[in-house]
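The model shown is predicted, which means the values in this text are computed figures rather than measured ones. Each ligand, and each atom within it, is numbered from 1 in the order the structure gives.
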Amino acid sequence: MAPMLRLYNTLTREKAPFAPIDPAHVRMYACGPTVYDAAHIGNARPIIVFDLLFRVLRHLYGPAHVTYARNVTDVDDKINARAAERGITIRELTDETLSAFHADVRELGVLMPADVNRPGERPRFVEPRATDHIAEMVRLIEGLVASGHAYVAQGHVLFDVPSMPDYGALSKRPLDEMEAGARVEVAPYKRSPLDFVLWKPSKPGEPAWPSPAGIAEPGRPGWHIECSAMSWKHLGETFDIHAGGIDLIFPHHENEVAQSRCCFGTPVMANVWLHNGFLQVEGEKMSKSLGNFVTIREVLNDWPGEVARLAMLRTHYRQPIDWTLRGLEEASRTLDRWYAAVGDEPGNGAPPETVLEPLLDDLNTAAALAELHRLDDPAALKAGALLLGFLGETRSERERASVAASGIDVARVEALIEARRAARAAKDWAGSDRVRADLAAMGVAVKDNKDGTTTWSVAG
Ligand code: AMP
Ligand code: ZN
């Protein structure tokens, strides 16, 4: 029996023991990025927090018994607009943005599909793209129309909200309040102001796919249907955990629930719903529209990814976080101390119970980190830190992997970095620049971090 994990469930507004539908196959879904532009550090919060949950589930149930799906939204108005603005195709824009996103989150110590998937086995981490699941969306939409939960009107398919008696159960908003909110500029083809779009006509120049039955013209999906389609395809009609930022509870998650439950006739879509709080700057949500954002890349230009990860996990995931320089500086000092304390310890042992226990209490990372501080046994510290995605596995091994793929001579790089360090210590700036140029010629980028460490990576 796995030790008991307790999670706060938005659906019940209670913390309760987590009981997977099938302990031999625990399934979680998280809403991932919309790939039109560089992600900001607020967007990194759900990625890091639910990466930690994935790690904890893998620890409890075994790596072969957990599947994590985190989708990529690559069809969206903002994507269309940005691609047109830049004069590139949508696929070029989404591919470019997605690879930048991957590079960003990899540095934050987030497990990637290639880190956990094994050839010939069921994938443990899938990153489905919306545009690869249009056929599933169309099948869901047709199912909803056939069962009387959706209707076709003027080239659109709308979800018929009044057809679902307990619509609103997740967000617990009173129906009249939702109606009042929706009443602003109600589209003429909607039967109820609450009805939402499952499918819509494509305007000239927008991507278009064959529409569900009853619509001759090609069209494109609404926002919410993609997650119902991708979670169904990769996790099934009902699964264990669905996660995302708190802003997604309504309307996105509420509408996902409506679509999936009404299509499959199930009492729940996911049993447990988890939502992270906002990352804030001076008391306001960090967001593109407010203009108060820092991109993940900008943070990584100044700090190792591990420092950003620690600064993020110091606060419980449901609380708001204030993103401050002080938080990063403290995290950096903590990591220095841990690195010095663990030395070459491989950390192969089980993580200490004292660190695991608070994590099992709805991912109480603040308490788990406090327990790590108390450890003076290097093996225990390393094993505990690894469970949280710190020390080792995050940076050096990843870099070694990309270096191995690049064919770069690591010993030579390390020797040059050492030579550069010596030149800088001797204030031989010309010598230091020469070494940097040699490294650049080998395809190696060097970075001097604010915490005094020097790290390097394959340039490009
Ligand atoms: P978006 O690209 O706005 O759809 O956001 C992608 C993910 O990041 C969603 O799960 C959002 O809830 C989450 N998110 C966006 N802004 C913040 C923020 N300031 N703090 C925490 N999470 C955020
Ligand atoms: Zn979603």
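- Of all protein heavy atoms, the one lying nearest to atom 19 (N) of ligand 1 is Met286 O, 2.9 Å.
- Using a 4.0 Å cut-off between heavy atoms, Lys288 makes no contact with ligand 1 at all.
- In this structure, CZ in Phe159 is found 12.0 Å from CZ in Arg191, a value given to the nearest 0.5 Å.
- With hydrogens and angles left out, the side-chain atoms of Thr73 and Asn71 include a donor and acceptor closer than 3.5 Å.
- Each of the following atoms of ligand 1 lies closer than 4.0 Å to a heavy atom of Lys285: 16 (N), 19 (N).
- In this structure, His40 counts as a contact residue of ligand 1, since one of its heavy atoms falls inside 4.0 Å of the ligand.
- Trp273 contributes atom CH2, which lies 15.0 Å from atom OH of Tyr8 (distance to the nearest 0.5 angstrom).
- Counting only N and O atoms by type, the side chains of Glu237 and Ser260 include no donor and acceptor under 3.5 Å apart.
- Looking at Leu248 next to ligand 1, no N or O pair under 3.5 Å apart turns up.
- Regarding atom 10 (O) of ligand 1, its nearest protein heavy-atom neighbour is Gly245 N, 3.2 Å.
- Ring orientation note: the planes of Phe250 and Tyr167 are nearly perpendicular, at an angle over 60° on the 30°/60° scale.
- For ligand 1, the atoms sitting less than 4.0 Å from at least one non-hydrogen atom of Asn276 are 21 (C), 22 (N), numbered in the order shown with element in parentheses.
- No hydrogens or angles considered: nothing links the side chains of Trp303 and Ser332 as a donor-acceptor pair under 3.5 Å.
- By the 30° and 60° cut-offs, the orientation of the rings of His224 relative to Phe196 is perpendicular.
- Contact of the Tyr317 side chain with the Gln319 side chain is not registered, since no non-hydrogen atoms from C-beta on lie closer than 4.5 Å.
- Counting protein heavy atoms only, atom 4 (O) of ligand 1 is closest to Thr34 OG1, 4.1 Å.
- At a heavy-atom distance under 4.0 Å, only side-chain atoms of Asp247, from C-beta outward, approach ligand 1.
- A tilted orientation is assigned to the rings of His40 and Phe293, their planes being inclined by 30° to 60°.
- Looking only at protein N/O/S atoms, the ones less than 2.8 Å from the Zn ion (ligand 2) make 4 in total.
- Considering only non-hydrogen protein atoms, atom 1 (P) of ligand 1 sits nearest to Asn43 ND2, 4.1 Å.
- Near Gly277, meaning under 4.0 Å from one of its heavy atoms, ligand 1 places the atoms 21 (C).
- Minimum interatomic distance between Thr10 and Lys172 (heavy atoms only, all atoms of both residues): O-NZ, 4.2 Å.
- Residue Ile246 has no N or O atom closer than 3.5 Å to an N or O atom of ligand 1.
- Side chain to side chain, His275 and His253 meet the donor-acceptor criterion of an N or O pair below 3.5 Å.
- Between Phe239 and Tyr29, the angle of the ring planes lies from 30° to 60°, which puts this pair in the tilted group.
- For Ala39, the heavy-atom gap to ligand 1 stays at 4.0 angstrom or more.
- Under the 4.0 Å criterion applied to side-chain N and carboxylate O atoms, Lys200 and Glu217 are not assigned as salt-bridge partners.
- Ligand 1 has a nitrogen or oxygen under 3.5 angstrom from a nitrogen or oxygen of Gly42.
- Between Leu279 and ligand 1, at least one pair of N/O atoms sits closer than 3.5 Å.
- Closest to atom 13 (C) of ligand 1 among all protein heavy atoms lies Pro46 CG, 3.8 Å.
- Ring to ring, His234 and His133 are close: their centroids are under 6.0 angstrom apart.
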